[in-house]
Amino acid sequence: MKKRSDRVRLGTLVVLSIALIIAVMTGIAERQARNKAETARDEALDRARRTEALRLVAESRMARTSNPGLSLLLALESAKLHYEAGAATEFRVLEALHHCRELRTLIGHRGSVYTATFSPDGQEIVTASADRTARIWDPQTGKTLQVLEGHDGPVREASYSRDGGQILTYSLDGTARLFDSTSGAPLFIFKHEKAVTAARFSPRSDRVITCSADGKLSVWNSYDGTLVQHLRSGGSPLVDAWFSPDGETVAVLTIDHSLLLIDATEGTNLKKLRCKPAPGRKLLFSANGRYVAAPGILYDIERDVILTPQMGTFIPAAFSPSGKSVVTLNSAPHPKTGEDLLSILPPSPVQGASCQLIDLPSLHTSTKVHKEGSSVRAVSFNAQGDFFASCNAESASVHDAITGKKLLTLRGHDLPLHSVSFNPGGSLIVTTSEDLTVRIWSASPHPGLPASLDAQKLQSISLSQSKNYVLAVTLDGSADVYARKKGELAPNFPRPTFAVRKAEFLGKTDTVAVLGESILQLIDPQTGHLRTIETPDAPLAFAANHRGDQVLVSCGDGKISLHDATDGSMIHSLVLESPPDEEESKIYSLALSPDASRFTTAGSRGALCFDTLTGNELITLIDLVTFDAEFDPSGNRILLAGKGWAVLADARTGEVLTDLNGGICSARLAPDGKKVLTLPLRRIHEEIVELRGNPSVFDATTGQLLSRCQGHAVTAEYGTFDPTGEMALTLSRDPLDPFHSSELRVWPVHPLPFARRQKPRTLTPRELERFQIGTADERETRRKEWLGNHFTKK
């Protein structure tokens with residue numbers, strides 16, 4: 001029995017063991033099946049997300065030309081889905097950033113937006129809309145600060161007083177209104193019996209003039225809202241009125257094409273002129289008060305002469321700030337004689353018009369800009385008068401006021417534009433449109449750089465570490481310095497009279513070192529103070545220490561001299577000995593350590609480090625042909641680059657600390673020494689050394705690739721960083737047209753975070769549906785968020 005019992009127990013144990021093994025095996029199989037299914041599901045989801053990301057990349061590419069802002073938003077949606085979709089996503093983000101000049105979209109109006117005007121200090125924008133309101137916006141955040149309500153009809157225009165404390169609006173509801181610009185509180189109402197067609201502040205903003213379809217021209221006190229007088233008590237309807245710059249005369253335009261000049265104090269008629277019928281009603285005083293322009297007529301007040309440009313029927317669009325030129329819109333004579341006043345709102349475009357800049361008083365047409373597509377609707381000069389912007393139904397554009405060359409095209413509005421204007425500094429442009437939005441744009445073709453910079457003629461460009469100046473060397477051998485904030489040429493900087501081979505800022509200073517064939521000059525762009533560096537022979541290369549107070553100069557044949565940058569005096573000179581078997585030893589560049597105790601020569605013998613005081617060679621850093629050498633701010637590391645290689649090495653031992661791989665000929669350190677920009681093309685003494693590839697930005701410590709600057713039509717041959725080290729500037733030149741077609745591009749070192757900060761707005765509910773972004777529930781959630789963010793009072 002005992003044996004039988006043992007056998008039963010043993011059999012049971014075997015059965016249980018087998019069952020356990022089968023269960024474990026089954027569990028393992030099931031787990032493996034689940035893992036396999038989950039992996040397959042994850043892979044399928046990953047493929048689907050990648051496919052969706054690439055679809056949005058394609059949509060971004062399609063939108064790049066017509067709507068760069070939308071292109072950027074779609075590229076960001078693609079990156080959100082699957083940033084590892086690779087180079088296609090990053091490239092599309094970079095391309096969208098390159099073409100997008102839209103900085104902010106102001107959304108909140110529920111009707112067509114007619115005008116937008118910056119406050120005198122540029123810190124606010126006021127807009128007028130068909131939704132019967134005006135709004136005050138913060139241009140930095142895009143948020144509504146105040147909603148100005150009270151009109152019963154569309155608000156035709158809104159403008160600031162001279163000190164920015166009041167806002168004047170007018171409407172076809174028969175009223176003009178004054179508001180406090182800080183609180184948005186209504187102050188005064190100026191009433192007429194019929195539609196108010198214009199309301200303007202006097203030059204000192206102590207008075208307001210209004211004109212109306214009831215024929216009245218009225219002057220009001222802007223401090224207490226009382227009527228001062230009626231300059232005209234009735235008659236034919238009035239369509240526009242302006243104070244002269246001195247406030248002593250009022251010009252008024254009537255519906256029956258008469259231009260009246262009226263004494264602003266006595267109300268007596270000074271002059272009556274006959275205008276021409278035209279498809280737009282615009283009246284302008286020049287800033288110097290000499291000229292007044294209306295459809296088909298240009299009147300010289302000083303000489304009491306009617307000027308008649310040979311251009312058919314024209315409509316005045318804008319006087320230059322100096323008053324010495326006027327932009328007009330040219331068109332065929334208008335077929336109608338009696339016109340409905342309601343056609344003033346919105347403004348009637350000039351069909352088939354061209355935009356022309358006319359010098360006064362010679363009437364010479366110096367600039368003629370033909371707009372493609374629909375007609376020009378509005379024109380505005382910047383405060384300096386060197387650029388003007390115009391808009392038609394499809395886009396706005398920025399032009400050089402002398403040559404008429406188009407510098408920039410701004411696209412993004414979905415419906416026709418109404419107005420375009422600059423901020424007081426001239427760096428921003430604001431446009432309005434029938435699509436209910438107001439858009440703020442960068443006025444420069446290259447963000448952060450002066451709009452007047454002609455990138456096509458650049459040989460090199462650099463920015464001072466103080467962020468005050470931009471230095472540009474052109475292909476014709478000249479050097480220009482721009483004041484970065486104003487965007488103008490530095491007035492005190494004396495242009496070199498010799499052909500410039502190289503120019504750059506000295507270290508952390510604003511001093512500019514300019515190298516010619518046989519001269520090296522140091523120039524202070526603020527004062528214009530000029531110092532000439534006296535060297536034994538013609539200087540060939542130079543370098544400054546990090547502080548910029550000492551300059552090292554190479555004169556060939558091993559002659560090196562160290563100079564004080566404050567006065568140009570020589571500290572000492574020395575001669576480097578070349579090996580006896582070396583017939584020619586070329587030095588391509590120099591590097592001076594921050595404390596000026598050591599310097600490095602980069603040339604045909606490699607990179608050699610010397611003692612500055614004695615000229616003794618301390619170490620051979622590398623024995624390959626070297627084109628570039630640059631100390632980091634600490635002086636402990638040195639960047640070396642040659643054909644196909646670049647390294648960061650220990651500046652005292654030559655030990656390679658970071659090896660940067662890729663086709664490299666030239667490299668630059670960021671001002672903080674934390675990043676490296678590499679380029680595959682370099683011009684060395686008129687010789688071109690070229691490798692395939694794109695400019696790239698690397699982490700200087702780890703050697704990790706941060707971004708690849710893809711997009712140049714031809715290989716870039718020059719590059720540098722901005723003072724922050726967060727943006728890279730690269731320059732390429734078309735080999736078929738090497739003297740007139742350089743291309744400048746500005747790249748973010750970290751493209752995706754930068755693009756997220758720069759995006760002008762979020763996608764609208766209509767755009768989410770159009771591009772089928774997210775699930776239906778996600779789109780509904782984002783739609784509610786979007787409506788809540790944009791369509792509130794404040």
Side-chain angles (χ1 to χ4, degrees), residues 170 192-200 202-203 207-220 227-319 323 326 328-329 331 333-341 343-344 348 358 360-361 363:
Y170 69 88
H192 282 266
E193 297 172 4
K194 294 183 179 179
V196 175
T197 53
R200 317 272 186 228
S202 65
R207 293 170 292 163
V208 169
I209 191 168
T210 59
C211 66
S212 168
D214 62 13
K216 291 182 179 179
L217 182 65
S218 306
V219 179
W220 313 79
L227 176 67
V228 177
Q229 63 177 324
H230 290 301
L231 297 180
R232 194 169 184 266
S233 300
S236 57
L238 309 180
V239 296
D240 201 2
W242 282 90
F243 277 102
S244 61
D246 60 8
E248 297 180 0
T249 306
V250 173
V252 61
L253 184 64
T254 68
I255 193 66
D256 58 4
H257 314 299
S258 294
L259 172 62
L260 307 177
L261 297 181
I262 301 174
D263 186 287
T265 303
E266 303 296 332
T268 56
N269 285 348
L270 303 175
K271 196 77 176 179
K272 181 176 181 179
L273 304 168
R274 185 68 179 169
C275 302
K276 295 182 180 180
R281 305 176 187 85
K282 186 78 171 182
L283 174 65
L284 292 173
F285 256 112
S286 64
N288 56 14
R290 177 173 176 177
Y291 303 99
V292 61
I297 189 170
L298 198 56
Y299 178 58
D300 186 333
I301 299 175
E302 184 177 298
R303 294 192 298 157
D304 191 20
V305 172
I306 297 176
L307 308 178
T308 54
Q310 299 299 314
M311 62 183 72
T313 302
F314 69 89
I315 297 171
F319 276 102
V326 62
T328 65
L329 308 182
S331 72
H334 197 271
K336 297 181 181 179
T337 53
E339 300 163 280
D340 184 358
L341 275 174
S343 66
I344 301 171
S348 302
I358 304 170
L360 298 174
L363 302 185

Minimal heavy-atom distance between I301 and G289, with the atoms involved, is CD1-O, 3.7 Å
The reported gap from CG in L217 to OG1 in T254 (rounded to nearest 0.5 angstrom) is 11.5 Å
Problem - Flag side-chain contact, heavy atom, 4.5 Å: L238 against R232 - result: yes
The reported gap from CG in N269 to CG in L261 (rounded to nearest 0.5 angstrom) is 9.0 Å
Rounding to 0.5 Å, atoms CD (E248) and CG (L270) come to a distance of 10.5 Å
### Query
Can any side-chain N or O of S212 pair as donor or acceptor with the backbone N or O of K194 at less than 3.5 Å?
yes
S202 and F243 have their tightest heavy-atom pair at CA-CD1, 3.4 Å
Next item on the list: Go through K271 and Y299 one step at a time and tell me if the side-chain contact (heavy atoms from CB on, under 4.5 Å) criterion holds.
Entry: CA-CA 10 Å; K271 196 77 176 179; Y299 178 58; 3.6 Å; yes
Check: Side-chain contact, heavy-atom cut-off 4.5 Å: H257 with P295?
Finding: no
Is it true that a side-chain atom of Q229 and a backbone atom of E266 form a donor plus acceptor pair closer than 3.5 Å? no
V208 vs Y170, test: side-chain contact (heavy atoms from CB on, under 4.5 Å). Steps then yes/no.
CA-CA 11 Å; V208 169; Y170 69 88; over 6 Å; no
- Item | V250 vs I209 side-chain heavy atoms within contact, under 4.5 Å | yes
Review point. Heavy atoms, side chains only, cut-off 4.5 Å: are L307 and Y291 in contact?
Key: yes
For D300, the salt bridge (Lys or Arg N to Asp or Glu O under 4.0 Å) test, sequence neighbours excluded, returns R290, R303
query = Under the side-chain contact (heavy atoms from CB on, under 4.5 Å) criterion, do F319 and L360 qualify, and how do the steps go?
reply = CA-CA 10 Å; F319 276 102; L360 298 174; 3.7 Å; yes
Quiz item: Side-chain contact, heavy-atom cut-off 4.5 Å: T249 with I262?
Solution: no
Between S286 and P245 the two heavy atoms that sit nearest each other are O-CG, 3.2 Å
**Report entry** Donor-acceptor pair, side chain of R207 and main chain of G247, under 3.5 angstrom
**Finding:** yes
Tell me, with the steps shown, if L259 and V292 meet side-chain contact (heavy atoms from CB on, under 4.5 Å). CA-CA 9 Å; L259 172 62; V292 61; 4.1 Å; yes
Requested in this report: Using a 4.5 Å cut-off on heavy atoms from C-beta on, say whether the side chain of S218 contacts that of L227.
Outcome: yes
Tell me whether R200 is salt-bridged to D240, with the criterion being a basic N under 4.0 Å from an acidic carboxylate O. yes
Between C275 and A294, the two heavy atoms sitting closest are SG-CB, 3.6 Å
CG (N288) and CD (E302) are apart, to the nearest 0.5 Å, by 8.5 Å
Here the pair of heavy atoms bringing D214 nearest to E193 is OD2-N, 3.0 Å
With a 4.5 Å cut-off on side-chain heavy atoms, are V196 and C211 touching?
no
Can you confirm whether W220 sits close enough to V228 that some side-chain heavy atom of one is under 4.5 Å from a side-chain heavy atom of the other?
no
On a heavy-atom basis, the closest approach of A318 and L284 is N-CD1, 3.6 Å
